[in-house]
S.K.: 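Just dropping this structure here.
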There are 2 protein chains.
Amino acid sequence: MRDGRTHLKKVIKLVVRIVKTKKPTCAEVGEQAVIEAIIKQAPCTRNGDDAAVLDYLAPNSRPVISTDMLVEGRHFRRDWSSPAEIGRKAITQNFADVEAMGARPVAVLLALSIPSYTRLDFVSELARGIAERMDDYGGELVGGDVTDGDSIVISITGIGQLGGSLPALRLDHARPGQAVVATGDIGESAAGYALLNRFGRSGVPAKFDSLIQAHCAATVPPGRGFVARSAGVTAMTDNSDGLIHDVHTMAKKSGVTINLHSTAITPNPLIIEAAELLDIDPWQFVLAGGEDHTLIGTTFGPAPTGFREIGTVVRHNSMGETTVDNKTPLYTSGWGSF
Amino acid sequence: MRDGRTHLKKVIKLVVRIVKTKKPTCAEVGEQAVIEAIIKQAPCTRNGDDAAVLDYLAPNSRPVISTDMLVEGRHFRRDWSSPAEIGRKAITQNFADVEAMGARPVAVLLALSIPSYTRLDFVSELARGIAERMDDYGGELVGGDVTDGDSIVISITGIGQLGGSLPALRLDHARPGQAVVATGDIGESAAGYALLNRFGRSGVPAKFDSLIQAHCAATVPPGRGFVARSAGVTAMTDNSDGLIHDVHTMAKKSGVTINLHSTAITPNPLIIEAAELLDIDPWQFVLAGGEDHTLIGTTFGPAPTGFREIGTVVRHNSMGETTVDNKTPLYTSGWGSF
């Protein structure tokens, strides 16, 4: 009988400990605590009113604004990416769009739909990733909205400022005779995605870590869009849906033929190694991959700091045309919803 | 045999007609056509690049920015609201937040997640409702994002400009001795919601149409926030989560006691009639309802044009307190996610 009681006490103690250490869900803590968890990770005095009032922009500057929606299972997988990585990538991809206009990103808003049974931890870690990446840009999370929903949907709105009287770096501003310039390695994110798809996060050999990072927490150096515009770039986009797809959008909107030099976009050795392991042509990652969020621009001047030349705007062409070494590219498909 | 053939021909003709008249889904037309359907309803030259570049703001003005996420089944029901009504309400509620800072709304972005089997029609009609409501404000839909998703999730980001050197109308700027002022009828949206909940859209008697409209396509006159700030209002919010809930947020943030006069917020005759039909206290709609998106401010001056006095900021109170006729309100609950 005493033994039975002791056992019961032990069980009760264990249950109490499990309940105490169980991480709370959003439903358990409620909306206000969810918001507070975000603000704790990304503190900002402008947050918490009906709307966020930003600083006065620099004189003679314009607001630039972009929004992205990330849906669980389509744009990220929680077995592939940590919540902080998801947050980092969300900022990178949004700010790449702001930078692709030549603007300086300054602030974001976060709208978040999550199932109520989601751990509060997920929200905190997501906000931490956002805040860390915002720090790289010297920007802040200035406001947002949270709501219960059937799936995790993250909507990021980024704001930047475009100073001075130079035009924005529009897709239709590529001109014959210009060089095509780009930052960063192209194809890494797609190679990382293919590895994850084959092996899962834990199964990918450690030597491919940088490719996995490129896919799960894409990071590009801040300020390249601003630098490019100052240095004479006239048209710009970011490699989000696939290199050929995105360059071709620029070619069509500008009414030009753009030719890329294969030697300048050759897959790097790690991409080639991953491709061999997967038995996939590495050029597929480079030409059709996307999601690197590197910037691609056109200029009559030399390549700006941090950029290299990868091609030429060859001639007017009202239909728009994109070639590699003056031939039709091997891979042309790109990301598309539905 | 001839009869059989004739019959077969008739059946084939009928099938062809059904296939031809069947409205296409988003999956059938693809991402680009979905975007084009939106732009057709809400044309804007700033749309279609990586990010939207807005006009130079008026000199000495600041950007004000707010985001809302609307989830099907939680924030709207398609058997209660038409897609155009959903679009109209999305703009009203977002711009009410921008106006509640004293700013003038100028632009929105739309991020949209929809199941691929959704009719393209839904997207077109949603965009039409957004564009129509934007027209009321003289603003434009300047960009966005569309994606496949398991449920319909609408994320609206609104931008306004706050001119001049007066402070924004923050929640913490209510001061003892001020009058509390408000625009519009309070409680109509909640009464409409209760009617829909009981009878469904088609079952609500026609005489209650204005209450249904108040819930499904809330419309408030544009520019009241801007007018209020010019006329000396110092603190403002909109009635979105419930009158007492929202006023109490202001009371807490400002560290004051706010007293509302019941005579100034008495439910209108139609709300009373609906309440009788439903056997619900009409004061519940007024005090706890929310979603009217009427503006509520505090001022030392007279009520600005379009506003009426509904209460007083009584005294400092570091805990924050909200009363009706100097008593604890009958209903205090408000909207909360999770």
Side-chain angles (χ1 to χ4, degrees), chain A residues 26-27 29-32 34 48-57 60-69 71 73-75 96-98 100-101 103 107 109-113 116 142-151 153 155 157-160 162 168 170-171 236-238 336-338, chain B residues 26-27 29-32 34 48-57 60-69 71 73-75 96-98 100-101 103 107 109-113 116 142-151 153 155 157-160 162 168 170-171 236-238 336-338:
Chain A
C26 291
V29 300
E31 177 174 333
Q32 198 49 43
V34 174
D49 219 301
D50 295 290
V53 179
L54 301 186
D55 291 331
Y56 291 95
L57 300 183
N60 194 27
S61 73
R62 286 169 282 175
V64 173
I65 178 161
S66 176
T67 192
D68 292 297
M69 191 172 259
V71 177
R74 285 173 174 82
H75 301 94
D97 282 331
V98 173
M101 305 309 289
L109 297 171
L110 165 68
L112 181 63
S113 149
S116 59
V142 298
D145 191 21
V146 295
T147 174
D148 189 15
D150 294 328
S151 54
V153 180
S155 179
T157 303
I159 308 235
L162 188 75
R170 294 177 55 121
L171 290 163
M236 184 163 269
T237 192
D238 78 307
S337 296
F338 309 113
Chain B
C26 292
V29 298
E31 177 174 332
Q32 198 48 43
V34 174
D49 219 300
D50 296 290
V53 179
L54 300 186
D55 290 330
Y56 292 97
L57 300 183
N60 194 27
S61 74
R62 285 168 283 174
V64 173
I65 178 161
S66 175
T67 192
D68 291 297
M69 192 172 258
V71 177
R74 287 174 172 82
H75 301 94
D97 283 330
V98 173
M101 305 309 288
L109 297 172
L110 165 68
L112 181 62
S113 150
S116 59
V142 297
D145 191 20
V146 296
T147 174
D148 188 16
D150 294 329
S151 53
V153 180
S155 179
T157 303
I159 308 235
L162 188 75
R170 294 177 53 120
L171 289 162
M236 183 164 271
T237 192
D238 78 307
S337 295
F338 310 114

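Letters A, B, ... mirror the listed sequences (proteins, then strands); counts begin at 1. Everything numeric here is computed off the predicted structure, so don't read it as measured data.
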S.K.: Which one, B:Val64, B:Leu110, B:Leu162, leads in non-hydrogen pairs under 4.5 Å with chain A?
M.R.: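 Most heavy-atom pairs under 4.5 Å with chain A: B:Val64.
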S.K.: Under a 4.5 Å cutoff for heavy-atom pairs, which residue among B:Val142, B:Ile159, B:Val98 has the most contacts with chain A?
M.R.: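 The candidate making the most pairs under 4.5 Å is B:Ile159.
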S.K.: Between B:Gly144, B:Ser113, B:Gly149, which residue shows the highest count of heavy-atom pairs closer than 4.5 Å to chain A?
M.R.: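 That would be B:Gly149.
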S.K.: Side chain, backbone, both or neither: which part of A:Met101 has a heavy atom under 4.5 Å from chain B?
M.R.: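 Looking at A:Met101, just its side chain touches chain B.
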S.K.: For chain A, which of B:Ala107, B:Ser116, B:Ala111 has the most heavy-atom pairs under 4.5 Å?
M.R.: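 Result: the option with the highest number of such pairs is B:Ala111.
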S.K.: Do we see a donor-acceptor contact under 3.5 Å between the side chains of B:Asp150 and A:Ser151?
M.R.: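 No - no donor-acceptor pair under 3.5 Å links their side chains.
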S.K.: For each of A:Ala51, A:Ala103, A:Ser66, tally heavy-atom pairs with chain B at distances under 4.5 Å, and name the one with the top tally.
M.R.: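 Option with the greatest count: A:Ala51.
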S.K.: Do B:Arg62 and A:Asp55 have side-chain heavy atoms sitting under 4.5 Å apart?
M.R.: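 Answer no - side chains too far apart.
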S.K.: Under 4.5 Å from any heavy atom of chain B, what part of A:Arg170 do you find: side chain, backbone, both or neither?
M.R.: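 Both parts, backbone and side chain.
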S.K.: Calculate, to the nearest 0.5 Å, the distance between atoms OG1 and CD1 belonging to A:Thr157 and B:Ile65 respectively.
M.R.: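 If I round to the nearest 0.5 Å, the distance is 6.0 Å.
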S.K.: If I compare all heavy atoms of B:His75 with all of A:Thr147, which pair ends up nearest, and what's the gap?
M.R.: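 Heavy atoms only, the tightest pair is CE1-OG1, 2.9 Å.
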S.K.: If you count heavy-atom pairs under 4.5 Å with chain A, which of B:Gly30, B:Ser61, B:Ala27, B:Gly73 comes out on top?
M.R.: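 Top count of heavy-atom pairs under 4.5 Å with chain A: B:Ser61.
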S.K.: Quick check on A:Val34 against chain B: is it the side chain, the backbone, both or neither that has a heavy atom closer than 4.5 Å?
M.R.: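 For A:Val34, the side chain is the part near chain B, not the backbone.
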S.K.: Check whether B:Ala168 gets within reach of chain A through its side chain, its backbone, both or neither, counting any heavy atom under 4.5 Å.
M.R.: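 For B:Ala168, side-chain heavy atoms alone lie under 4.5 Å from chain A.
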S.K.: With no hydrogens and no angle check, just 3.5 Å: does a side-chain donor-acceptor pair link A:Asp145 and B:Thr67?
M.R.: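 No donor-acceptor contact under 3.5 Å links the two side chains.
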S.K.: Quick one: do B:Asp148 and A:Arg74 make a salt bridge, cutoff under 4.0 Å?
M.R.: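 Salt bridge: yes.
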S.K.: Has A:Asp49 got a side-chain atom pairing as donor or acceptor with B:Leu171's backbone, closer than 3.5 angstrom?
M.R.: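 Here the side-chain-to-backbone pair exists.
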S.K.: Counting heavy-atom pairs under 4.5 Å to chain A, which of B:Asp68, B:Val53, B:Val71, B:Leu112 comes out on top?
M.R.: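 That would be B:Val53.
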